[in-house]
2 protein chains.
Amino acid sequence: MTSTDTMTSTDTTESDLTSPERAASPRWTRQRQAIEDYLASCADFRTAQQIHDHLQQEGAGVSLPTVYRTLQQLAETGQVDQVRTGDAQTAYRRCLMTGHHHHLICRRCQTAVEVPGPDIQDWAAQVARDHGFSAVGHDLELYGVCADCSARGAPESPAGPAR
Amino acid sequence: MTSTDTMTSTDTTESDLTSPERAASPRWTRQRQAIEDYLASCADFRTAQQIHDHLQQEGAGVSLPTVYRTLQQLAETGQVDQVRTGDAQTAYRRCLMTGHHHHLICRRCQTAVEVPGPDIQDWAAQVARDHGFSAVGHDLELYGVCADCSARGAPESPAGPAR
DNA sequence: GGACTTCATGAGAATCATTATCAATAAGCC
DNA sequence: GGCTTATTGATAATGATTCTCATGAAGTCC
């Protein structure tokens, strides 16, 4: 399969631990535990590579394919948010906010803040109707420079979404 | 250099043929001509690969690196819009609408409609201020199924952004 | 507790989009 | 026409992600 989602801001609405997919109860493994624990401890988005590196350093040997697989599953069940970084990587973060929301991401330190969405859904639905489109969804991300980074004058992270 | 932009909805505002970068007037070559012509004839987004394939079939031999380079330049000068497809490809389309706008893209046939943005900029600026962020930009794409595809019941394009 | 079934994992290779390198070529200018 | 220099093309390289398949562990039944 392929990760066909551009973003999950739209989809977090369906995060629902009682969903049928979740009912398939994945086996509880040390590796999955390690990944979820790490995600739970992170305030900002991490790429699969970063997660893998961290777990390696911690001694929790988890292979890269496993990291990808687990993240994909978590994303499918709405347990993590995913965003595309500027350099074609996918970054993940445990979903803290239920319901429809978006992310305000610092271009330098990758810190992410979840923010409730405005009435974009209504607007999107209206636009779609006007053009004869159905089944609309949307992807919305906000990028900026957080207060800390502004004060520090830190250089932009090479891995981060630019501009 | 790297293509660090996640999307250019934000950036099309700065499309400005008189900008200093543009003043460096790129040389007019057969290859660039072919690429621009093709883009001008397309109503929807095309990936670099698709453009390359088409030009090959037409007999206008343009190498893939050249396609990428040209598209990047066009994107930098705001002459084309770029969006990320679901499967990690970047798709380009000639920018028809000047000023700030977004895209409503059909998941099945990739047809794209440019739509003027709502007051997201104001909202984004407000949210950013609330969280101490500066220099905000945003990425917003709308996805749906166009009227034609709905009627036709066409299967989803394997290359298109899903959901 | 032990055997069994089945899913998750890991190692490695493969894929695929994109970018870098560098010599050859063509555009623009005199 | 000759010169300078940006552009191109062939090729290799890069890097994220996915696939394959044998191995091992989790959950279940007895």
Side-chain angles (χ1 to χ4, degrees), chain A residues 1-6 21-36 45-53 55-56 59-77 80 82-92 157-162, chain B residues 1-6 21-36 45-56 59-77 80 82-92 158-162:
Chain A
M1 76 148 280
T2 55
S3 69
T4 41
D5 277 302
T6 305
E21 296 91 272
R22 181 63 178 175
S25 65
R27 288 183 179 171
W28 199 251
T29 64
R30 174 180 62 79
Q31 291 87 342
R32 176 179 291 263
Q33 177 82 272
I35 293 169
E36 294 198 9
F45 283 87
R46 294 292 148 98
T47 65
Q49 301 281 350
Q50 289 172 325
I51 295 170
H52 177 246
D53 289 349
L55 295 179
Q56 289 297 310
V62 180
S63 71
L64 198 49
T66 297
V67 173
Y68 276 105
R69 269 186 297 240
T70 304
L71 289 173
Q72 234 168 54
Q73 289 165 4
L74 292 173
E76 273 169 15
T77 57
V80 298
Q82 53 183 355
V83 297
R84 277 274 163 69
T85 67
D87 57 344
Q89 283 182 280
T90 305
Y92 300 83
S157 153
Chain B
M1 76 146 281
T2 55
S3 69
T4 41
D5 278 302
T6 305
E21 296 91 274
R22 182 63 178 174
S25 66
R27 287 183 181 173
W28 200 250
T29 64
R30 176 181 60 79
Q31 291 88 342
R32 175 179 291 263
Q33 177 82 272
I35 292 169
E36 293 197 9
F45 283 89
R46 294 291 149 99
T47 65
Q49 301 281 349
Q50 288 172 327
I51 294 169
H52 177 246
D53 289 348
H54 176 87
L55 295 179
Q56 289 297 310
V62 180
S63 71
L64 199 49
T66 298
V67 173
Y68 276 106
R69 270 185 296 239
T70 304
L71 289 174
Q72 233 168 56
Q73 288 165 5
L74 292 174
E76 273 169 15
T77 56
V80 298
Q82 53 183 357
V83 296
R84 276 272 164 69
T85 68
D87 58 344
Q89 284 181 281
T90 305
Y92 300 83

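Chain letters run A, B, ... following the sequence lines, proteins first, then strands; residues in each count from 1.
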Legend entry - Contact state string [nucleotides 24-30 of chain D, B base, S sugar-phosphate only, - no protein heavy atom under 4.0 Å]: -BBS---
Inset, instruction - Tell me which nucleotide among D:dT17, D:dG9, C:dT9 gets nearest to the side chain of B:S63. - result: D:dG9
Inset, instruction - Check the distance between C:dG10's C1' and A:R32's CZ and give it to me in whole angstrom. - result: 16 Å
Inset, instruction - Please name the pair of heavy atoms, one in A:A75 and one in A:Y92, separated by the smallest distance, quoted to 0.1 Å. - result: CB-CE2, 4.4 Å
Inset, instruction - Could you grab the distance from atom CD of B:Q89 to atom CD of B:Q50, nearest 0.5 Å is fine? - result: 7.0 Å
Inset, instruction - Side chain of A:Q89 only, please: which of D:dT8, D:dA10, D:dT17 is the nearest? - result: D:dT17
Inset, instruction - Return the nearest nucleotide to the side chain of A:T90; candidates are D:dT20, D:dT17, C:dT19. - result: D:dT17
Inset, instruction - Taking all non-hydrogen atoms of both residues into account, name the closest pair between B:V62 and B:A34 and its distance. - result: CG2-CB, 4.5 Å
Legend entry - Minimum-distance nucleotide (side-chain atoms of B:T66 versus D:dG9, D:dT17, C:dG10): D:dG9
Legend entry - Nucleotide C:dT9, atom P - distance to CG of A:L71 in whole Å: 11 Å
Legend entry - Gap between atoms CD and P, on B:E36 and D:dT7 respectively (whole Å): 13 Å
Legend entry - Nucleotide C:dT19, atom P - distance to CZ of B:R69 in whole Å: 11 Å
Inset, instruction - Please determine which of A:T47, A:I51, A:D53 meets the side chain to side chain contact (heavy atoms under 4.5 Å, CB included) test together with A:V67. - result: A:I51
Inset, instruction - May I have the distance from A:Q73 (atom CD) to D:dT18 (atom P), rounded to whole angstrom? - result: 12 Å
Inset, instruction - Can you tell me the distance, in whole Å, between the CG atom of B:L55 and the P atom of D:dG9? - result: 10 Å
Inset, instruction - Would you indicate, yes or no, if D:dG9 has its OP1 or OP2 atom less than 4.0 angstrom from a side-chain nitrogen or oxygen of B:Q31? - result: yes
Legend entry - Separation of atom CD1 in A:I35 from atom P in C:dT9, rounded to whole Å: 7 Å
Legend entry - Length of the CG-C1' vector between A:L64 and C:dA14, whole Å: 14 Å
Inset, instruction - Could you walk me through whether B:R32 and B:L74 pass the side-chain contact (heavy atoms from CB on, under 4.5 Å) test, one step at a time? - result: CA-CA 10 Å; B:R32 175 179 291 263; B:L74 292 174; 4.2 Å; yes
Legend entry - D:dT17 phosphate, OP1 or OP2, under 4.0 Å from A:Y68 side-chain N/O: yes
Inset, instruction - Could you pull out the closest heavy-atom pair between A:L71 and A:V80, with the gap in Å? - result: O-CG2, 4.0 Å
Legend entry - Verdict with reasoning, A:E36 to A:W28, per side-chain contact (heavy atoms from CB on, under 4.5 Å): CA-CA 11 Å; A:E36 294 198 9; A:W28 199 251; 3.6 Å; yes
